[in-house]
Amino acid sequence: MAFRKFLPLFDRVLVERFTAETVTKGGIMLPEKSQGKVLQAMVVAVGPGSVNQKGNLQPVSVKVGEKVLLPEYGGTKVSLDDKEYFLFRDGDILGKYVD
Amino acid sequence: MAFRKFLPLFDRVLVERFTAETVTKGGIMLPEKSQGKVLQAMVVAVGPGSVNQKGNLQPVSVKVGEKVLLPEYGGTKVSLDDKEYFLFRDGDILGKYVD
Amino acid sequence: MAFRKFLPLFDRVLVERFTAETVTKGGIMLPEKSQGKVLQAMVVAVGPGSVNQKGNLQPVSVKVGEKVLLPEYGGTKVSLDDKEYFLFRDGDILGKYVD
Amino acid sequence: MAFRKFLPLFDRVLVERFTAETVTKGGIMLPEKSQGKVLQAMVVAVGPGSVNQKGNLQPVSVKVGEKVLLPEYGGTKVSLDDKEYFLFRDGDILGKYVD
Amino acid sequence: MAFRKFLPLFDRVLVERFTAETVTKGGIMLPEKSQGKVLQAMVVAVGPGSVNQKGNLQPVSVKVGEKVLLPEYGGTKVSLDDKEYFLFRDGDILGKYVD
Amino acid sequence: MAFRKFLPLFDRVLVERFTAETVTKGGIMLPEKSQGKVLQAMVVAVGPGSVNQKGNLQPVSVKVGEKVLLPEYGGTKVSLDDKEYFLFRDGDILGKYVD
Amino acid sequence: MAFRKFLPLFDRVLVERFTAETVTKGGIMLPEKSQGKVLQAMVVAVGPGSVNQKGNLQPVSVKVGEKVLLPEYGGTKVSLDDKEYFLFRDGDILGKYVD
C-alpha cells in the first residue's frame with residue numbers, strides 16, 4: 001500500500017491533488033481550474049468498499065496510483081504528516097485517466 | 001474505445017455536444033436551442049455501469065458513437081486536451097437517434 | 001416502429017398531443033383543456049423499460065399507437081423534424097383509452 | 001368492465017363521487033362534507049396494479065362497483081364524456097363500505 | 001367483525017376514542033389529556049395489512065376490541081352513522097393495554 | 001413482564017427515567033443533566049420488534065430491567081397509573097450500562 | 001473489553017478524543033485542529049453492528065484500541081465516570097491509523 005499510515009473506511013478514497021505544474025507535464029492540459037482547485041488527483045489509499053443490502057462487499061472502483069478526476073464540490077480535507085489530502089466517496093469520483 | 005484518455009466511472013457517460021451546423025447536416029432539424037445549448041451529442045466514452053442492490057452490474061444503455069438527446073439541465077463539464085466534454089448519468093439521457 | 005428516428009431510453013414514452021379538433025372527431029369530448037394544453041396524446045415511441053432492483057427488465061405499459069391521458073404537469077418537450085413531441089415517464093401516464 | 005372507455009394505469013383507480021342525495025338514500029349519513037366535497041365514491045375502473053421490487057404484480061385492492069371512502073385531499077380530476085371522474089392511487093383510498 | 005359497515009384498507013386501523021369518563025372506570029388514570037384529546041381508544045375495525053417488497057402480506061398488529069394508545073398527532077377523522085371515528089396507520093399506534 | 005399494563009408496539013421501548021439521586025447511588029456519576037433531563041433510564045416494557053423487508057421479525061435489542069442511555073431529544077411521554085414514562089424507538093437508544 | 005461500563009447499541013462506536021499533546025507524541029502531526037476539536041480518537045467500546053434488510057448482522061468495522069479519524073461534525077457527547085466520551089456511527093468514522 002503506497003500510503004501506510006491511514007486506511008480510509010468503507011467506500012472512501014484518499015487522494016492527493018496534483019499541483020498545477022504536474023498536470024501540464026502529464027500532457028493532460030486543464031487550462032482553467034475550478035475556483036482555483038485542481039481537479040486531477042492521485043489515489044493514495046482506498047477503503048475496503050461498501051456492503052450492499054445482501055451483505056456482499058462492493059469493492060472500490062479505483063486503485064492506488066491511478067489518476068482520477070474529482071468533482072468540483074465535496075470531499076473532506078485530511079492532514080497527515082503535515083500534508084494535505086482529501087477523502088472522497090468512490091461514487092463521487094467522476095472518472096480516471098487511462099494512459 | 002474511441003476516446004482513449006478518460007474512463008468515466010460507474011454509470012457516467014462522456015459526451016461531446018454537436019456544434020449547431022453539424023446538427024442540420026445530419027438532417028435532424030432542431031430550430032430552437034435551449035438557452036443556447038445544443039441538446040444533441042455524440043457518446044465518446046462510457047463507464048462500466050452501476051451495481052444494483054443484488055451486486056449485479058447494470059451496464060450503461062448507450063454505446064460509443066451513438067447520437068443522444070441530452071436533458072436541458074444537469075451534466076458536468078469536463079475539459080480534456082483543451083476540448084469541452086460533458087458527463088451525464090446514463091439514466092438522465094433522454095433518448096438516442098436511430099438512423 | 002411507427003417512429004423510426006428517436007428511441008426513448010429506459011421507461012420513457014414519446015407522445016404527440018392531439019390537436020383540439022381531432023379530439024372531438026374521436027368522439028371523446030374534452031370541453032375544457034387544462035391551461036390550454038390538450039391532455040390526450042398518441043404514443044409514437046417507447047423505451048425498453050426500467051430495470052428493477054433484481055436486475056429484471058420491467059417493460060413499459062403502453063404501446064405505440066395507443067391513445068393515452070397525460071397528467072397536467074411534467075413531461076419534456078422534444079423537437080424532431082420540426083414537430084413537437086413530449087417525453088413522459090411510463091409511471092406518470094394516467095391511463096389509456098380503450099375503444 | 002363497467003366503464004369501457006378508459007383504463008387507468010398501474011395502481012390507479014377511477015372513481016365517481018356520489019352526489020349528496022344518493023349518500024343519504026344509501027343510509028350512510030355523512031352530515032358534514034369536507035370543504036363541499038363528498039368523500040364517498042363508486043369505483044368505475046381499476047388499473048392492473050403496481051409491480052414490486054421483485055417484479056411481481058400487486059393487484060389493486062378495490063373492485064369495480066365497490067363504494068369507497070376517499071381522502072380529503074389528492075386525486076386527479078378526469079373528464080370523460082362530459083362527466084367528472086377522479087383518479088386516486090389504490091394506496092390513498094381509506095376504506096370501503098361493506099353492506 | 002364488531003363493525004360491519006366499513007373496512008379500512010391496507011394497514012389502516014379504525015378506532016373510537018374513549019370518552020373521558022370511561023377512561024377512569026377502566027382504572028387507567030390519564031390525568032391530563034393532550035390538547036383536549038383523549039389518547040385511549042378502542043379498535044373497531046382493521047385492514048388486511050400491508051404488502052412488503054417480497055409481496056408477503058404483513059398483517060396489522062392490533063385486533064378488534066383491543067384498547068390502544070394513540071399518538072398525539074395524525075389520524076384521519078371519519079364519520080360513520082353520525083358517529084366520529086379515526087383512522088390510524090398500524091405503525092403509528094404506540095401500544096396496547098393488556099389487562 | 002415487569003410492567004403488566006402496557007405493551008409497546010413494533011420496536012418501541014417503554015422506559016422510566018431515573019431520578020437524579022438514584023443515578024449517583026448506582027455509582028455512575030452524571031454531573032450535568034441535559035436541559036434538566038436525566039438521560040439514564042430503566043427499561044420497563046418492550047415491543048415485539050420490527051419486521052424487515054423480508055418479513056422477518058427483528059427483535060428489540062434491550063431487555064426489561066436493563067439500564068440504558070437515552071438521546072437528548074425525541075421520545076413520547078406516556079402517563080400510566082399517574083406515573084410518567086417515555087416511549088423510544090429501539091434504534092434511538094444510545095447504549096446500555098453493563099455491571 | 002477495555003471499557004466495561006457502557007455498551008453502545010447497533011453500529012455505534014464509543015471513542016475518547018486524544019488530548020492535543022498525545023497526538024504529537026504519536027508522530028502524527030495535526031497542526032491545525034478543527035474549531036478547537038481534536039479529530040483523532042481511540043475506540044473504547046463498539047456496538048454489535050447493524051442488521052441489514054436480509055436480517056444479517058453487519059459488524060462494526062473498527063475495533064477497541066484502534067486510532068481513528070473523526071469527522072468535523074456529528075457525534076453525541078456522553079459523560080461516564082466524569083470523563084467525556086463521544087458516540088459516532090460506524091459509517092461516519094473517516095478512517096483508521098495503521099502503524
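In what follows, chains are A, B, ... by sequence order, proteins preceding strands, each numbered from 1. Just so you know, these numbers come straight off a predicted model, no measurement behind them. Any value given below was found using the heavy atoms of this structure, including those in side chains, with hydrogens, waters and symmetry copies removed.
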Would you name the heavy atoms of D:R12 and C:I93 that are closest together and state the gap between them?
NH1-O, 2.9 Å

Which atoms of C:V62 come close to chain D, meaning under 4.5 Å heavy atom to heavy atom: side chain ones, backbone ones, both, or neither?
side chain

Euclidean distance, D:F10 CZ relative to C:D90 CG, rounded to 0.5 Å:
4.0 Å

Atom pair CG (D:L7) and CG (C:L69), whose distance is rounded to the nearest 0.5 Å:
12.0 Å

Do D:L9 and C:L94 have side chains that approach each other closer than 4.5 Å (heavy atoms only, starting at C-beta)?
no

